[in-house]
Amino acid sequence: REQLPTILVDVIQSFTGFALATGCHLSRNSFALLPYVHKECCEETYRSDHHGCLVGGQFNGRLMPQGLVEGVDCAYNKDLMSFQARCEAVPGSYTEKSPGVCWE
């Protein structure tokens, strides 16, 4: 992937809304909430590319220059004894439809 020209990566990433299979869309993302010992570490793990799309950490990959994502709020989970992001606080209209998984 590091060998792909930036323009090609931009074109590929610009495609949204194409069905990959029944009920599976490129514009629908999900990710598991990772546990963190410290609230600050949890909130600082989110990064975005130059389009504002989430990358790195849960989203794997660092193709483009990244910026910090502000406004992610992490709450203490008593059951796990760790901090996890609140899905609603992650940019992209995410909700927690099943425990520990954010869906766009």
Side-chain angles (χ1 to χ4, degrees):
R1 287 189 260 183
E2 296 85 22
Q3 306 303 322
L4 291 176
T6 303
I7 190 78
L8 180 58
V9 173
D10 287 344
V11 169
I12 292 169
Q13 290 180 339
S14 70
F15 293 117
T16 59
F18 291 101
L20 296 176
T22 304
C24 186
H25 302 281
L26 285 176
S27 61
R28 302 287 179 239
N29 296 309
S30 63
F31 63 93
L33 293 170
L34 300 178
Y36 293 89
V37 175
H38 302 286
K39 184 176 183 184
E40 296 79 20
C41 294
C42 174
E43 295 172 348
E44 291 175 357
T45 60
Y46 292 86
R47 301 281 186 266
S48 65
D49 65 14
H50 64 283
H51 292 295
C53 299
L54 295 173
V55 295
Q58 291 92 335
F59 294 90
N60 298 324
R62 296 180 177 265
L63 296 176
M64 302 292 174
Q66 299 176 16
L68 291 172
V69 173
E70 295 183 13
V72 175
D73 180 45
C74 293
Y76 189 73
N77 182 324
K78 294 178 192 174
D79 296 330
L80 298 175
M81 296 186 297
S82 61
F83 289 93
Q84 289 182 306
R86 292 185 320 100
C87 294
E88 297 78 17
V90 177
S93 302
Y94 287 93
T95 57
E96 190 171 357
K97 292 185 180 179
S98 57
V101 180
C102 295
W103 293 85
E104 190 174 33

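Everything numeric in this text was worked out from a predicted model, so none of it was measured.
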If I take atom [atom1] from residue [X] and atom [atom2] from residue [Y], how far apart are they, to the nearest 0.5 angstrom?
X	Y	atom1	atom2	result
Q84	Y76	CD	OH	11.0 Å
E104	K97	CD	NZ	10.0 Å
E88	C102	CD	SG	7.5 Å
C74	E43	SG	CD	4.5 Å

What are the two closest heavy atoms between [X] and [Y], and how far apart are they?
X	Y	result
T95	C87	C-CB, 3.7 Å
C42	A85	SG-N, 3.5 Å
S30	V101	CB-CG1, 4.4 Å

Within-4.5 Å side-chain heavy-atom neighbours: S98 and W103: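 S98 vs W103: side chains touch.
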Min side-chain heavy-atom separation V72-E44 under 4.5 Å: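 Side chain of V72 against side chain of E44, heavy atoms only: no contact under 4.5 Å found.
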Connected via hydrophobic side-chain network under 4.5 Å: V90 and L33: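 Yes, one cluster joins them.
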